[in-house]
Amino acid sequence: MRRFQNNMGASRLALPVMMLYSVCLWGLMLLADYTLWPQCLIFLVNTYLMMELNNRNALMRRYSRMVSCSYIAFMLMCPWLLRNMEVMGIQTFFLLTMTLLFMTYQEHSRIGGKYGAYLFLGIAAMIWPPLAFALPLLWIADAFFLMSFSFKSWLASLLGLATPMWCILPYIVIEGRYELLDAWLDALVLDDSTIQAFRDINTILPSALPLPPMKLAAESLVLAMSVTGMIHFLRHSSDDKIHVRMLFNVFNLIAMAFSLALVLLYVLPLNDVPGADILFGIILVCASPLTAHYINFTSTRLTNISVIIAMVLVLALTIIPLLQEWTIL
């Protein structure tokens, strides 16, 4: 079993097999709805960005394509994310943000890279405004893990986040589309119904499952693999270089913060399903390298069995909804 897992993690066929697997599933989805081809292209771009994130930063201490393979497997298990253009686009901008931020590791002088990273965060925040609240989280990651935070980089982050709004302001003013600005600002604050709900404690906790069972199972599995990967990495982080440890700590920080936000979004009466999908899409990106590290370097018999069980669950949660959808068609 251990030999099989090692061969799987280091196999040069892993990514081609997963790409063939994704082509088959995407082919079925496109047959059912041909308008999904833009999302398919973005999925390919995101897969490439995941592969580059691994290659540029040597996240795995041996040859492995498990980072991009884990991303493919998790995304194909969550077809509602694949069909959501906003989620796919924000994943792209988040990956570009992480790529540029990681390039500034211990480089205080790379202000242009800082600006570019936060520019992509600003574009993502134009799509879903609450992402602007992630700015302090990235400052913490920048200061404690990337060790390249400075006053200049702080200014660059503010300029990068504000640039997309500055670019769209002339259109808003010239065309008189002030409702766009109002909608963006309204998305940053709680609405009256949510504030009113906090006055009655009985309305805080939902009376039913916040998600359909299959969707809840898929998201729970990704979160469980993320937590498992975090624990495994923290226990064995001494085997990796300091640079890699710091980058994984960034993934850990973002995954934990966004997981907490996702749970609050489901438990509290916020009624923001699109926002929940966006948060989960970012958590999935962070969970992929954590899962890949666990698959590659776990060594006990029990954890090896857990990897096989997780693979079977991912395959089942991918195929069952697809069969149900085609049965209905």
Side-chain angles (χ1 to χ4, degrees), residues 8-9 11 13-54 64-92 94-95 211-226 228-229 255 262 276-296 307-329:
M8 178 185 64
S11 175
L13 292 177
L15 185 58
V17 169
M18 288 303 297
M19 289 303 298
L20 179 61
Y21 173 65
S22 64
V23 166
C24 294
L25 293 184
W26 266 110
L28 293 175
M29 285 190 288
L30 289 172
L31 283 176
D33 184 2
Y34 68 91
T35 62
L36 293 176
W37 65 266
Q39 288 91 318
C40 181
L41 293 179
I42 298 176
F43 171 78
L44 293 175
V45 171
N46 291 352
T47 301
Y48 172 76
L49 290 175
M50 290 294 299
M51 183 173 63
E52 280 297 301
L53 197 66
N54 176 39
S64 176
R65 297 299 188 194
M66 276 297 108
V67 174
S68 46
C69 289
S70 297
Y71 172 78
I72 292 172
F74 284 155
M75 285 298 293
L76 293 176
M77 186 178 64
C78 306
W80 65 92
L81 297 184
L82 296 174
R83 296 187 177 97
N84 192 321
M85 180 66 79
E86 290 185 352
V87 171
M88 300 300 294
I90 287 177
Q91 273 191 346
T92 303
F94 176 77
L95 282 167
L211 297 172
M214 293 301 294
K215 186 175 179 179
L216 182 61
E219 294 197 3
S220 298
L221 179 58
V222 172
L223 292 176
M225 292 303 298
S226 177
T228 303
L262 181 66
D277 288 342
I278 290 170
L279 284 176
F280 179 67
I282 294 176
I283 294 168
L284 189 149
V285 169
C286 295
S288 298
L290 293 169
T291 301
H293 194 279
Y294 179 67
I295 292 174
N296 270 301
V307 170
I308 303 300
I309 293 174
M311 291 173 60
V312 172
L313 289 175
V314 168
L315 183 62
L317 291 172
T318 303
I319 299 301
I320 292 175
L322 196 63
L323 292 176
Q324 292 175 341
E325 184 176 330
W326 274 89
T327 301
I328 295 174
L329 293 176

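Being a predicted model, the structure only gives us computed values, none of them experimental.
Remark: Thr318 OG1 to Phe74 CZ distance equals 10.0 Å, nearest 0.5 Å. If you take CG on Leu82 and CZ on Phe43, they are separated by 6.5 Å, rounding to the nearest 0.5 Å. The distance from atom CG of Leu31 to atom CG of Leu36, rounded to the nearest 0.5 Å, is 11.0 Å. Summarising the geometry, atom OG belonging to Ser70 is positioned 8.0 Å from atom CE belonging to Met50; distances are rounded to the nearest 0.5 Å. Expressed to the nearest 0.5 Å, how far OG1 of Thr47 lies from CG of Leu15 amounts to 8.0 Å. Note that CG of Leu313 and OG of Ser220 are 11.5 Å apart. Values are rounded to the nearest 0.5 Å.
In this structure, Ile282 and Gln91 have side chains that are not in contact, with every pair of non-hydrogen atoms separated by 4.5 Å or more. Proximity of Leu49 to Leu53: side-chain heavy atoms (C-beta onward) are nowhere separated by under 4.5 Å. Ile283 has its side chain out of reach of Glu219: every pair of non-hydrogen atoms, C-beta onward, lies at least 4.5 Å apart.
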Given side chain to side chain contact (heavy atoms under 4.5 Å, CB included), test Tyr21 with Leu315 step by step and report yes or no. CA-CA 11 Å; Tyr21 173 65; Leu315 183 62; 3.7 Å; yes
Under the side chain to side chain contact (heavy atoms under 4.5 Å, CB included) rule, what do Val67 and Met51 come out as? Steps first, then yes or no, please. CA-CA 7 Å; Val67 174; Met51 183 173 63; over 6 Å; no
Given Phe280 and Val87, is the side chain to side chain contact (heavy atoms under 4.5 Å, CB included) satisfied, shown in steps? CA-CA 9 Å; Phe280 179 67; Val87 171; over 6 Å; no
Working note: Leu44 + Met19, criterion side chain to side chain contact (heavy atoms under 4.5 Å, CB included); need CA distance, chi angles, decisive distance, verdict. CA-CA 9 Å; Leu44 293 175; Met19 289 303 298; 3.7 Å; yes
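Taking every heavy atom of both residues into account, Ala218 and Cys78 meet most closely at CB-SG, 4.3 Å. Contact between Leu81 and Gly281 at its shortest, heavy atoms only, is CD1-CA, 4.3 Å. When every heavy atom of Trp37 is checked against every heavy atom of Tyr34, the shortest pair comes out as CD1-O, 3.1 Å. When every heavy atom of Met88 is checked against every heavy atom of Gln39, the shortest pair comes out as CE-O, 3.9 Å.
In this structure, Asp277 does not pair ionically with Arg83, as no charged nitrogen and carboxylate oxygen lie closer than 4.0 Å.
With hydrogens and angles ignored, the 3.5 Å screen pairs no side-chain donor or acceptor of Ser226 with any backbone N or O of Val222. Asn84 places no side-chain N or O within donor-acceptor distance of the main-chain N or O of Trp80, the cut-off being under 3.5 Å. Side-chain atoms of Asn54 come within 3.5 Å of backbone N or O of Ser64 as a donor-acceptor pair.
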